[in-house]
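Note that these values count all heavy atoms, side chains included, but never hydrogens, waters or copies made by symmetry. Computed from a predicted structure; not experimentally measured.
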Amino acid sequence: MERLRGRADSVHNLARIVGLIGLGILVVGAVLPWGNAGPGDTYGAFDHFGDGFLSLVCGVSLVALLFGGGARESRTRTVQLLPAILGVGTFLLTLAGYRSVEAWVHGLEGIGQRPTFETGIYLSLVGGAVEALAGFTSTVITVRSVSVWRDEGAEDRAFARDFFGRLLVGAVLVIGGAVGGALLGLQLPGRLPNSFLMLLLALIGGTIGAYIANRLWERGYPDRGDIVGHRRMDG
């Protein structure tokens, strides 16, 4: 049993590193243009449906979950599946972004222009795929090494309720901070490209939101550390 847990811990640590790498690739991909139709006419991660921004939010959520440890210790199947859901969701959002760029390119080609796909969208696809790999790996090793509670349904439901409550509060504050930072980036003049300012301030705002969410949760539930994110793996 100890050997199995040690192997699972090693795989989880690897998934964390892979998740961080994927998130880094997503950030770089979001900064670079996704499509180019000439001077002053580019397609970026935050344009149109904002698929690049949404994929970043999903990727950040996955990395936070991987490092938080709640999913890997949960005995609720839904929570165990959450890393895979977030990872695959990140990739699907980047794929949707690629489809949007593709539609933009074909639309401009129809009026005689020659737009091109740029490096940013390809990096975003790679980053999304890496995040999917990290999330899927974490879920698989958790499902294989941590059994689902059978006889303690009330405790398990309490764990799931508290975990998703914390996740919801964090998501609202992180997304709110990121959106606020991105909107602020649109208002600030400067030499840096607007897309870079938006991304930088969105990351800062999201980080502040995550910090506030963590502080609020600690104050509201000071004695729930043994349940949320730190479930004992006995039995």
Side-chain angles (χ1 to χ4, degrees), residues 7-32 34 44-103 117 119-148 159-160 163-172 174-175 178-179 199 202-203 206 210 229:
R7 184 180 304 171
D9 288 341
S10 298
V11 175
H12 279 300
N13 290 334
L14 179 60
R16 288 175 174 178
I17 296 173
V18 172
L20 276 178
I21 293 173
L23 181 59
I25 297 174
L26 281 174
V27 170
V28 176
V31 172
L32 297 176
W34 283 11
F46 300 99
D47 292 333
H48 295 268
F49 298 107
D51 298 306
F53 173 72
L54 294 176
S55 64
L56 277 175
V57 171
C58 206
V60 169
S61 300
L62 172 61
V63 171
L65 184 62
L66 292 177
F67 277 87
R72 62 177 287 189
E73 298 175 4
S74 171
R75 304 224 173 178
T76 304
R77 186 66 76 199
T78 304
V79 180
Q80 292 179 352
L81 295 174
L82 192 55
I85 294 171
L86 286 173
V88 173
T90 303
F91 176 71
L92 291 178
L93 285 169
T94 59
L95 185 60
Y98 177 83
R99 295 301 185 189
S100 296
V101 179
E102 188 176 43
F117 291 91
T119 307
I121 185 59
Y122 296 118
L123 285 176
S124 294
L125 284 171
V126 172
V130 172
E131 292 293 81
L133 175 63
F136 187 77
T137 300
S138 178
T139 288
V140 168
I141 197 64
T142 298
V143 169
R144 293 183 60 183
S145 61
V146 181
S147 60
V148 177
F159 174 84
F163 182 82
F164 279 110
R166 182 177 185 178
L167 191 64
L168 179 61
V169 171
V172 169
V174 169
I175 293 174
V179 170
L199 176 61
L203 290 175

Between [X] and [Y], which heavy-atom pair has the shortest distance, and what is it?
| X | Y | result |
| --- | --- | --- |
| E102 | F117 | CA-CZ, 3.7 Å |
| I121 | W34 | N-CD1, 3.3 Å |
| S100 | D51 | OG-OD2, 3.3 Å |
| S124 | A30 | OG-N, 4.1 Å |
| L66 | A134 | CD1-CB, 4.3 Å |

Worksheet item: Can you tell me how far CG of L26 sits from CG of L125, rounded to the nearest 0.5 angstrom?
Response: 9.5 Å
Worksheet item: Atom CG in L81, atom CZ in F136: separation rounded to 0.5 Å?
Response: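 Atom-to-atom, L81:CG and F136:CZ are 10.0 Å apart.
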Item to complete: Test L82 against every option in L62, T142, T139, L65 by the side-chain contact (heavy atoms from CB on, under 4.5 Å) rule and name the one that passes.
Response: L65
Practice prompt. For residues 125-137, pull every pair meeting side chain to side chain donor-acceptor pair (under 3.5 Å), keeping only residues two or more places apart or in separate chains.
Written response: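 Not a single pair qualifies under side chain to side chain donor-acceptor pair (under 3.5 Å).
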Worksheet entry | Whether S55 side chain and G52 backbone form a donor-acceptor pair below 3.5 Å |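 Looks like yes, one N/O pair under 3.5 Å.
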Table please: side-chain donor-acceptor pairs of residues 89-96 below 3.5 Å, with sequence neighbours left out.
unit_1, atom_1, unit_2, atom_2, d
T90, OG1, L86, O, 2.8
T94, OG1, F91, O, 2.6

